[in-house]
Amino acid sequence: VTEGTFALSTLFELTLLSGSQSSAYLKVFGNQTAINRALNNSVFTPPLNGEFSYYLNLTVNDLGNSGAGNYSNGLDVLAYVNVTVDPVNDDPVLTIPGSQVRFEDNELLFNSSADSLLLLNVADVDVRLGLMTVNLTASPVANLTLRCGLDALTFLGGTSITDTWIQ
């Protein structure tokens, strides 16, 4: 396979010549019945979050068993199976700390360099370098302050970088 893994349903009565089960490549030797048994219910697994076209390449060599003549190297027949994997919309992942306690009039800084337990992070494998929206709200009423490269943000709501809610 071009990417991902392929696994035969069984290796019973087959000899694994190269590669391995559940890998991108494997080569087996055996009789026609054993090979067909292994191909029946075989599994292609695309790469995690893959969403492209993949090719399963299948090469069969008859090892010279052609019936007429002596073809010591046999004949190769090559076939391709095109597999298109459609994407699904994976949920975003939020990394947030547990409950926090602070004394009155002390700020709580969410910063990975200050304390790895106080990191706020969003991720979505579907977004890659695209855009996403995050809503921040302090409740009951308190101020939120963003300290980051603000040129990379667009404010859709709230009146400034310090507000009770920011979108």
Side-chain angles (χ1 to χ4, degrees), residues 1-100 110-137 146 148-149 151-157 166-167:
V1 294
T2 52
E3 288 185 64
T5 62
F6 182 79
L8 294 171
S9 63
T10 181
L11 292 176
F12 180 68
E13 295 183 333
L14 294 174
T15 302
L16 185 62
L17 298 176
S18 59
S20 62
Q21 268 287 49
S22 297
S23 68
Y25 173 80
L26 66 109
K27 182 177 182 178
V28 294
F29 170 83
N31 65 46
Q32 181 175 316
T33 301
I35 290 171
N36 284 331
R37 181 184 323 115
L39 290 172
N40 187 28
N41 293 316
S42 57
V43 176
F44 165 69
T45 304
L48 185 63
N49 297 308
E51 52 183 83
F52 304 102
S53 290
Y54 302 96
Y55 292 95
L56 170 64
N57 303 324
L58 181 64
T59 304
V60 178
N61 186 299
D62 66 4
L63 300 176
N65 294 310
S66 61
N70 183 8
Y71 301 99
S72 59
N73 292 330
L75 299 173
D76 282 338
V77 174
L78 177 62
Y80 300 95
V81 176
N82 183 27
V83 179
T84 300
V85 177
D86 290 329
V88 296
N89 188 6
D90 294 298
D91 292 334
V93 176
L94 302 172
T95 303
I96 60 172
S99 296
Q100 302 294 310
F110 295 98
N111 183 327
S112 62
S113 62
D115 185 344
S116 63
L117 299 177
L118 291 178
L119 175 65
L120 294 175
N121 189 51
V122 296
D124 190 331
V125 296
D126 301 318
V127 172
R128 292 184 180 88
L129 298 177
L131 301 174
M132 55 190 335
T133 300
V134 176
N135 295 315
L136 304 169
T137 303
L146 294 178
C148 63
D151 57 332
L153 299 176
T154 301
F155 292 93
L156 302 174
I166 299 171
Q167 181 181 35

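Quick caveat: nothing in here was measured; it's all calculated off a predicted structure.
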- request: Working to the nearest 0.5 Å, report the span between CG of Leu58 and OG of Ser42.
  value: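 Spacing of CG (Leu58) from OG (Ser42) equals 9.0 Å.
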message: To the closest 0.5 Å, what do you measure between CG (Asp86) and CZ (Phe52)?
response: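 Separation between the atoms: 12.0 Å.
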message: Exactly one of Leu56, Thr45, Val43 should register a side-chain contact (heavy atoms from CB on, under 4.5 Å) with Phe6. Which one does?
response: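 Only one of Leu56, Thr45, Val43 forms a side-chain contact (heavy atoms from CB on, under 4.5 Å) with Phe6, namely Leu56.
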query: Does anything in residues 30-41 pair up under salt bridge (Lys or Arg N to Asp or Glu O under 4.0 Å), and if so which pairs, sequence neighbours excluded?
result: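 Those involving residues 30-41 are Glu13-Arg37.
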message: List the residues meeting side-chain contact (heavy atoms from CB on, under 4.5 Å) with Pro87, not counting sequence neighbours, and say none if there are none.
response: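 For Pro87, the residues satisfying side-chain contact (heavy atoms from CB on, under 4.5 Å) (neighbours in sequence not counted) are Glu51.
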side-chain contact (heavy atoms from CB on, under 4.5 Å) against Asn40, all qualifying residues, sequence neighbours excluded: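 Result, side-chain contact (heavy atoms from CB on, under 4.5 Å) vs Asn40: none returned.
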Using distance only, find each side-chain donor-acceptor pair of residues 119-126 under 3.5 Å and give its atom names and separation, not counting sequence neighbours.
unit_1, atom_1, unit_2, atom_2, d
Asp124, OD1, Asp126, N, 2.9
Asp126, OD2, Asp90, N, 2.6

For the student: nearest non-hydrogen atoms of [X] and [Y], plus distance:
{"X": "Ala34", "Y": "Asn31", "value": "N-OD1, 2.8 Å"}
{"X": "Gly4", "Y": "Phe44", "value": "CA-CE1, 4.4 Å"}
{"X": "Leu14", "Y": "Gly30", "value": "CD2-CA, 3.7 Å"}

task: Report yes if the side chains of Pro47 and Tyr54 come closer than 4.5 Å at any heavy-atom pair, otherwise no.
output: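 Yes, their side chains come closer than 4.5 Å.
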message: Under the rule for side-chain hydrogen bond (donor to acceptor under 3.5 Å, both in side chains), what residues qualify as partners of Glu3, not counting sequence neighbours?
response: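 Expected list: none.
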Name the atoms and distances for all side-chain donor-acceptor pairs under 3.5 Å in residues 18-29, with sequence neighbours left out.
unit_1, atom_1, unit_2, atom_2, d
Ser18, OG, Tyr25, OH, 3.4
Gln21, OE1, Leu8, N, 2.8
Gln21, NE2, Leu8, O, 2.8
Ser23, OG, Ser20, N, 3.4
Ser23, OG, Ser20, O, 2.4
Ser23, OG, Tyr25, N, 3.3
Ser23, OG, Tyr25, O, 2.7

